Amino acid sequence: MSEFITEDKRTHYCGSIRAKHAGENVVLMGWVHRRRDLGGLIFIDLRDREGIVQIVLDPEKKPQAHALAHDIRSEFVLAIKGRVNLRPADMINPSLKTGEIEIIIDKLEILNESDTPPFVLDGETEVSENLLLKYRYLDLRRRDLQRNIILRSKVASETRSYLQEEGFIEIETPFLTKSTPEGARDYLVPSRVSPGAFYALPQSPQLFKQLLMVSGFDKYYQIVKCFRDEDLRADRQPEFTQIDMEMSFISESDIINIIEGMMAHIFKTCLDRDLRVPFPRLTYREAIDRYGRDNPDTRFSLELEDLTDIAGGSEFRVFSEVAKGGGAVKALLLADGKTLSRKDIDALGAFVGGYGAKGVAWARVNEDGWTGSIAKFFNQEEIKRINEKMGAGPGSLILFVADTADVVNNALGALRIHLAEKLGLIDKETLSFAWITEFPMFEYSKTEERYMATHHPFTSPVEEDLPFLETDPGKVRARAYDLVLNGSEIGGGSIRIHKSDVQSMIFKTLGLSEDEARKKFGFLLDALRYGTPPHGGIAFGLDRMIMIMAGAESIRDVIAFPKTLKATCLLTGAPSEVSTEQLAELSLKRN
RNA sequence: GGGGUCGUAGUUAAGUCGGUUAUAACGCCGGCCUGUCACGCCGGAGGCCGUGGGUUCGAGUCCCAUCGACCCCGCCA
């Protein structure tokens, strides 16, 4: 047993010692960040989760400790006892928080040695993701990652304290649950005792939280893992965390108020940022029209303008034919068009190609009219009207996309963000929240040849739209709302259906027969018949919130043990093969 | 399912038109050094060029396949 652990307890974190501690005797534990051996004097930067402090070993004063320090290498674990010394003015290191002081060693013990790490932990050197994920426990020693993980803990804690204060009750719901159609692909877990039957890991606790409202808990929340077996992205992991909430006897405005309060609380306590509430609200229609997508980045303008009417009447057949066919012509305006060369614009054409658009048409505006290959197809009147609508003046560049409305919005919505990033229009310090409301209840899926729930099948339709359920489901609006922050959907929710007849109608519209609906959701339909209160809720993607708060570029940077894009864990090797015996026990066979 | 970027000492990268012994920095090992803090100086070791096949007199370099990481589209109620 180490002398230090039995006799000398740690008194401080390395990174927390300041000039005010000068003269004190301290006991520190930590990792060797760096050793500087000057032949005589040896300096050791000792690191723990709070930071780094310099230890001084003088061969004349403490020859034993000095001799021991000779064999110390990076990432050794040390316990030290020493005195906090104010550094002389010319030896202060302003780049360290502890730079005004150093620790003069009294006693040194090596608690453990370390192999040479596979990469340098200084946070400066770029290391391949591959290696970092394999040695995640070492990567997690780095300051940036530790800061993100600590921020995450703080956000979770402040969320809990806010919601508890507001009268919410944290309730756990099952992970081993029932696979339900609609939504994402499920992760399945085979049952040993029910051969051939499977549990599913929850995509969200949606139905359980509604049942808790039926039970009368009134205000529920949970910070909970959810699982979706879909293809991954920089901001998507197969298992991720939601702040999940549900309330009874409330309407949209109640939820919006609570959440604005919650966000203000979280950002104040965790980042010391004051948010302006209420957040702006946009309808889904407005968001699509102006930004091309339902998660608009409202930190900058560069909005889409609809020119279908004007451009559709022009001699330019690409536009007029799209307009005749029911499509759309929309455009973006760059006031300073000179920043984009002909070559740049060609690259934008390739960019929108990725979103199904055939290309970008463009026109440069000057005193007399337009230049560019499409200019000749427009008369002075049309040019004037388009310039006016776009707010274009000499030097402007207009970028058009013409196609079906969906393709145009998708392509220009993406192009808008691409250009903003390329041209530096985004202020990284800005936090721009927006509520998106009045989502359509259903979207028609061409691949499935049926209507699908935009939000989920338990969302309440707007009452006055109920007659359209039979005649034109695409017109039915949902009582759903998303919260968007800096172009990222961080949360979404809805007022739920609390009447079983309405729920049955929705299932019918989704193409679920009564039999199927009973089989899949019978327990919900039953519950709705026993005095279900009006209720609604919302869920937040905690990981995405932390990403934005931490300025992280990847969701992996805010999760302690993340998975790769192929949903594998390079640290543990999961998923892995299992023995034939294990499979047999589960009544499974390899094919 | 589709498109793209990448894979060379422990790490990060360079490697021209296919041609002699595959470079550099950092790290590592050894030596010197009493105020460094990315310490400095001197010396040294270190390579399955992701893997498998092919073309060629000759492949890190060209071709095919494959594995892995990352980014995007589809997908993610």
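Below, chains carry the letters A, B, ... as their sequence lines are ordered, and counting in each starts from 1. Hydrogens, waters and symmetry mates play no part in the numbers below; they use all other heavy atoms, side chains included. None of these values were measured; they are calculated from a predicted model.
C64(B) and G4(B) have their P atoms separated by 12 Å, with the value rounded to a whole Å. Of the P atoms belonging to U20(B) and C62(B), the separation is 16 Å, rounded to the nearest Å. Comparing U51(B) with G68(B), their P atoms are spaced 15 Å from each other, to the whole Å. G53(B) sits 27 Å from U12(B) when the P atoms are compared, rounded to a whole Å. Comparing C6(B) with G15(B), their P atoms sit 12 Å apart, to the nearest whole Å. With P as the reference atom, G43(B) and A25(B) are 12 Å apart, rounded to whole Å. With both ends at atom P, the span from G30(B) to C70(B) equals 37 Å, rounded to whole Å. If you take atom C1' in U66(B) and the same atom in C28(B), they sit 34 Å apart, rounded to whole Å.
Remark: C1' of C72(B) and CG of Leu415(A) are 15 Å apart, rounded to the nearest angstrom. The CG atom of Asp231(A) sits 10 Å away from the P atom of C76(B) (whole-angstrom rounding). Here the P atom of nucleotide U12(B) and the CG atom of Leu121(A) are 13 Å apart, to the nearest Å. In this structure, Asn410(A) atom CG and C72(B) atom P are separated by 14 Å, rounded to whole Å. The distance from atom CD1 of Ile42(A) to atom C1' of G35(B) is 13 Å, rounded to the nearest whole Å. As rounded to whole Å, 13 Å separates atom P of C76(B) from atom CG of Asp294(A). To the nearest angstrom, C1' of C76(B) lies 12 Å from CD of Glu443(A). Between Asp235(A) atom CG and C73(B) atom C1' there is a gap of 14 Å when expressed in whole angstrom units.
Rounding to the nearest 0.5 angstrom, the gap separating the CG atom in Leu68(A) from the CD1 atom in Ile72(A) is 5.5 Å.
Across Tyr284(A) and Glu438(A), no two heavy atoms sit closer than the pair CB-O, 3.5 Å.
Position along RNA chain B of the nearest nucleotide to Ala234(A) versus Ala184(A) favours Ala234(A) as the more 5'-ward residue.
Salt-bridge check for Arg47(A) with Glu75(A): passed, with a basic side-chain N closer than 4.0 Å to an acidic carboxylate O. A salt bridge does not link Asp346(A) with Lys343(A): every distance from a Lys NZ or Arg NE/NH1/NH2 to an Asp or Glu carboxylate oxygen is 4.0 Å or more. Checked for salt-bridge contact, Arg236(A) and Asp231(A) miss the test: no charged N lies under 4.0 Å from a carboxylate O. Using a 4.0 Å cut-off between a side-chain N of Lys or Arg and a carboxylate O of Asp or Glu, Arg35(A) and Asp37(A) qualify as a salt bridge. Remark: Glu252(A) engages Arg479(A) in a salt bridge, criterion side-chain N to carboxylate O under 4.0 Å. Glu239(A) and Lys563(A) are joined by a salt bridge, as a carboxylate oxygen and a charged side-chain nitrogen come within less than 4.0 angstrom of each other.
Of the candidates G27(B), A69(B), U11(B), U11(B) carries the atom nearest the Val127(A) side chain, counting heavy atoms from C-beta on. Comparing G27(B), G35(B), U11(B) against the side chain of Thr116(A) picks out G27(B) as the nearest.
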Sort me out a list of protein N/O and nucleotides 37-40 of chain B N/O pairs below 3.5 Å, or just none if empty.
unit_1 : atom_1 : unit_2   : atom_2 : d
C37(B) : O4'    : Arg36(A) : NE     : 3.0
C37(B) : O2     : Gln54(A) : OE1    : 3.2
C37(B) : O2     : Asn93(A) : ND2    : 3.2
C37(B) : N3     : Arg87(A) : NH1    : 2.7
C37(B) : N4     : Arg87(A) : NH1    : 3.3
C37(B) : N4     : Met91(A) : O      : 2.6
C39(B) : OP2    : Arg36(A) : NH1    : 3.1
C39(B) : N4     : Asp37(A) : O      : 2.5

Distances for protein N/O vs nucleotides 48-51 of chain B N/O pairs under 3.5 angstrom?
none

Nucleotide N/O of nucleotides 65-68 of chain B paired with protein N/O under 3.5 Å:
unit_1 : atom_1 : unit_2    : atom_2 : d
G68(B) : OP1    : Lys566(A) : NZ     : 3.0
G68(B) : OP2    : Lys566(A) : NZ     : 3.2
G68(B) : O2'    : Asn130(A) : ND2    : 3.4

Expected rows: protein N/O vs nucleotides 6-9 of chain B N/O, under 3.5 Å:
none

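Atom OH of Tyr199(A) has 12 or fewer neighbouring heavy atoms from other residues, nucleotides or ligands inside a 6.0 Å radius. Atom CH2 of Trp435(A) sits in a crowded spot, with more than 12 heavy atoms from other residues, nucleotides or ligands closer than 6.0 Å. By the 6.0 Å contact criterion, CZ on Arg136(A) is enclosed, its count of non-hydrogen atoms from other residues, nucleotides or ligands being greater than 12. No more than 12 heavy atoms of other residues, nucleotides or ligands shown are found within 6.0 angstrom of NZ on Lys520(A). Atom CD of Gln146(A) has more than 12 neighbouring heavy atoms from other residues, nucleotides or ligands inside a 6.0 Å radius. Shown here is Glu516(A), whose CD atom has more than 12 heavy atoms of other residues, nucleotides or ligands within 6.0 Å.
Residue pairs meeting the salt bridge (Lys or Arg N to Asp or Glu O under 4.0 Å) criterion with at least one member in residues 492-504 of chain A, sequence neighbours excluded, are Glu246(A)-Arg496(A).
Side-chain N/O atoms of Arg544(A) include none lying less than 4.0 angstrom from OP1 or OP2 on C76(B). At U12(B), one or more side-chain N or O atoms of Ser128(A) fall inside 4.0 Å of OP1 or OP2 (strictly under the cut-off). Close to C70(B), at under 4.0 Å from its OP1 or OP2, lies no side-chain N or O of Arg233(A).
Once the 5.5 Å centre distance and the 30° plane angle are applied, the aromatic ring of Phe119(A) is found not to be stacked with the base of U11(B).
Residue contacts for Glu60(A): at a heavy-atom cut-off of 4.0 Å it reaches a base atom on one of the strands shown. Among the atoms of the strands shown, none is found under 4.0 Å from any heavy atom of Phe458(A). Backbone-only engagement by Leu131(A) is indicated by non-hydrogen atom pairs under 4.0 Å involving sugar-phosphate atoms exclusively. Using a 4.0 Å heavy-atom criterion, one finds that Pro457(A) contacts the bases of the nucleic acid, with or without backbone contacts as well.
Listed by chain and residue number, Arg556(A) satisfy the side chain to side chain donor-acceptor pair (under 3.5 Å) test with Glu129(A) (two or more places apart in sequence, or in another chain).
As the counterpart of C75(B), no nucleotide is assigned, since no Watson-Crick or G-U wobble pattern has both distances under 3.5 Å. Nucleotide C6(B) forms a pair with G68(B), judged by Watson-Crick or G-U wobble geometry with both contacts under 3.5 Å. Of all nucleotides present, none satisfies the Watson-Crick or G-U wobble test against U55(B) with each distance under 3.5 Å. Across all strands shown, C37(B) forms no Watson-Crick or G-U wobble pair with both distances under 3.5 Å. Across all strands shown, G44(B) forms a Watson-Crick or G-U wobble pair with C28(B), both key distances being under 3.5 Å. G18(B) makes up no base pair with any nucleotide shown, lacking Watson-Crick or G-U wobble contacts both under 3.5 Å.
Side-chain contact check for Asn486(A) and Ser488(A): no donor-acceptor pair (N or O, by modelled atom type) lies under 3.5 Å.
Donor-acceptor pairing under 3.5 Å, judged by distance alone, is absent between the side chain of Arg73(A) and the base of G27(B). Side-chain to base pairing of Glu102(A) with G35(B): one donor and one acceptor N or O lie within less than 3.5 Å of each other.
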